[in-house]
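Scroll down for the structure; my scribbles are underneath it.
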Amino acid sequence: MDATFQKNFRKKLLDWYQKHKRDLPWRRSRDPYAIWVSEIMLQQTQVATVIPYYERFLKKFPTIAALARAEEEEVLALWAGLGYYRRAKLLQRGARAVAERHGGRLPDDPEALRELPGIGPYTAGAIASIAFRRPSPLVDGNVVRVLSRVFARKGHAKDARLQKEIWALAADLVDPTQPGDFNQALMELGATLCRVALPSCERCPVQGLCAARRGGEPEAYPESPPPQKTLRLQRAAAVALRGESVLLVKPRAARWFQGLWGLPHEYCAEAPATEAALGECLRSHLGLALLRPQALPATTHAITQHRITTWAWSGEAQGRLKAAGPYEEARFFTKKELAGVALPNFDRKVLAAAKLI
DNA sequence: TATGCGTGGGG
DNA sequence: TCCCCAAGCAT
């Protein structure tokens, strides 16, 4: 890469970042653990969504040792609503691995970081550069977009060949003296100006260095992949009550939300058949029947390419509760307990329709 | 290598 | 309303 270009790009980007960077909680910390937590939460998740979760998480688990000691369910309960729950499990496994293998301190080099559960190429580069000032590159969705535009590189965002090119460009560009700021600046630029649609090229600090800007079609980079087909599913769920408490179950194997609590439910081909399927599920696996079931307003929820409509019935639970078949655990939770349980938004919406939360 | 995994905001 | 997709990783 041309040395003058490299120098110009770094300076313009870093100057812009110093002036325009957002004040984010993890940017106030120099604790590698805090930066680790933020990077895991930020995977595929927008900044505004992460902030309250980040604050609560660090308050409850302020150190690697505290996180390593915790029960997995406590960690999941704090993560509930943030999505991609595997991240929480892997983060905690990572904390345990650091406690065992590294004496409780995060290693500072990307290869060692990469060995830890939940840390892939992006996160290893982020922690190494931001927390330890190592000159490691990183590539996320923002960086692919920014650099594919600056260098007018063809290909879909997740295409392996383009990814490889972008990693090489990021490695050439990363500023050796302020790698953390440089990497964050690249992502900040992608998040705020160099957006997917309607980029603000006129305010961009590197517009004079951008090939896509010169070509007049910045939005053409990166190319968008063929659209995913959405699938529609119908689901029946039971809000089984015992006084003020509601029944939650933990399935042994679940398509989604493995290891989290949820309402007893069945998937079915069409909406009208749902109540019957649900009754059989309650009877055979949980030993219960719903007395005088009341239909609740249907709720909808999207999980990746799935669009799921839930038809729920609430009623007093009759019978002696057991957990059998697909269910590993089943128990009634009071209203107060519901607030602190690892229950995803998928079923929180149903409980909201039942006016229980 | 392709796919599955959550959720909320914006166009 | 509906679709897109955002500081990715594991399998």
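Keep in mind that this is a model prediction, so the values were computed, not measured. Labels below follow one simple rule: chain letters A, B, ... track the order of the sequence lines, proteins then strands, and each chain is numbered from 1.
Taking 4.0 angstrom as the limit, A/Thr123 places a side-chain polar atom (N or O) nearer than this to OP1 or OP2 of C/dC9. Close to B/dG6, at under 4.0 Å from its OP1 or OP2, lies no side-chain N or O of A/Gln44. The shortest distance between the side-chain N/O atoms of A/Gln43 and the OP1/OP2 oxygens of C/dA7 is not below 4.0 Å. Contact check, A/Asn142 against C/dA6: no side-chain N or O comes under 4.0 Å of OP1 or OP2. Residue A/Arg86 places none of its side-chain N or O atoms closer than 4.0 Å to OP1 or OP2 of C/dT11. Residue A/His301 places at least one side-chain N or O closer than 4.0 Å to OP1 or OP2 of B/dT7. At B/dT7, one or more side-chain N or O atoms of A/Tyr85 fall inside 4.0 Å of OP1 or OP2 (strictly under the cut-off).
Spacing between atom CG of A/Leu138 and atom P of C/dA6 amounts to 16 Å, rounded to whole angstrom units. Atoms CG (A/Leu343) and P (B/dG6) sit 13 Å apart, rounded to a whole Å. The distance between atom CG of A/Leu76 and atom C1' of B/dT7, rounded to the nearest whole Å, is 16 Å. What separates CG of A/Leu82 from P of C/dA7 is a distance of 15 Å, to the nearest Å. Summarising the geometry, the separation between CD1 on A/Ile308 and P on B/dG8 is reported as 13 Å, rounded to the nearest angstrom. Whole-Å rounding puts the A/Lys158 NZ to B/dT3 C1' distance at 10 Å. Spacing between atom CG of A/Leu90 and atom P of C/dT11 amounts to 7 Å, rounded to whole angstrom units. With rounding to whole Å, A/Gln46 atom CD is found 8 Å from C/dA6 atom P.
Nearest to the side chain of A/Ala302, among B/dT7, B/dG6, C/dA7, sits B/dT7. Checked against C/dG8, C/dC9, C/dC3, the side chain of A/Pro121 finds its nearest nucleotide in C/dC9. The side chain of A/Arg114 has C/dA10 as its nearest neighbour among C/dA10, B/dC5, B/dG8. For A/Arg145, counting side-chain heavy atoms from C-beta on, the closest listed nucleotide (C/dA7, B/dT7, C/dC3) is C/dA7. Residue A/Gln305 has its side chain nearest to B/dG4 when only C/dG8, B/dG4, B/dT7 are considered. The side chain of A/Leu42 lies closest to C/dA7, out of C/dC3, C/dA7, B/dT7. Counting only heavy atoms from C-beta on, A/Arg27 has its side chain closest to C/dA7 among B/dG6, B/dT7, C/dA7.
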Practice prompt. Show your reasoning for whether side-chain hydrogen bond (donor to acceptor under 3.5 Å, both in side chains) applies to A/Glu73 and A/Trp261.
Written response: CA-CA 10 Å; A/Glu73 188 145 332; A/Trp261 292 93; 2.6 Å; yes

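Residue contacts for A/Leu186: at a heavy-atom cut-off of 4.0 Å it reaches no nucleic acid atom on any strand shown. Base contact: A/Trp26 has a heavy atom under 4.0 Å from a base atom. When heavy atoms are screened at a 4.0 angstrom cut-off, A/Val196 is found touching the sugar-phosphate backbone but no base atom. In this structure, A/Ala191 reaches the sugar-phosphate backbone alone: every heavy-atom distance under 4.0 Å involves primed, P, OP1 or OP2 atoms, never a base. Using a 4.0 Å heavy-atom distance criterion, A/Gly81 is classed as a sugar-phosphate-only contact.
At a threshold of 4.5 Å between non-hydrogen side-chain atoms, the residues A/Ser148 and A/Ile166 count as touching.
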Review item, side-chain donor-acceptor pairs of residues 103-115 of chain A, under 3.5 Å, at least two apart:
residue, atom, partner, partner atom, Å
A/Asp109, OD2, A/Glu111, N, 3.2
A/Arg114, NH1, A/Ile119, O, 3.2

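When the nearest nucleotides of DNA chain B are assigned to A/Leu198 and A/Gln258 by heavy-atom distance, the more 5′-ward of the two goes with A/Gln258. Judged by closest nucleotide on DNA chain C, A/Arg22 is the one of A/Ile119 and A/Arg22 placed further toward the 5' end. Annotation: of the two residues near DNA chain C, A/Arg93 and A/Val47, the 5′-most nearest-nucleotide partner is A/Val47.
Rounded to the nearest 0.5 Å, atoms CD (A/Gln207) and CZ (A/Arg149) are 14.0 Å apart.
Only one option out of A/Tyr54, A/Tyr53, A/Phe61 pairs with A/Phe57 in a ring pair (Phe, Tyr, Trp, His ring centres under 6.0 Å); it is A/Phe61.
Residue side chain A/Thr45 reaches the base of B/dG6 through a donor-acceptor N/O pair under 3.5 Å, judged by distance alone. Judged by distance alone with a 3.5 Å cut-off, no donor-acceptor contact links the side chain of A/Tyr122 to the base of C/dG8.
Aromatic pair A/Trp79/A/Tyr84: ring centres not closer than 6.0 Å.
Atom name C1', nucleotides B/dG6 and C/dA6: the rounded distance is 12 Å, in whole Å. Only the P atoms considered, B/dT3 is 23 Å distant from C/dA7, to the nearest whole Å.
For A/Thr123, the side chain to side chain donor-acceptor pair (under 3.5 Å) partners are A/Gln43, not counting sequence neighbours.
Ring-plane geometry between A/Phe9 and A/Phe5 is classed as parallel, the angle between the planes falling under 30 degrees on a 0 to 90 degree scale with a further cut at 60.
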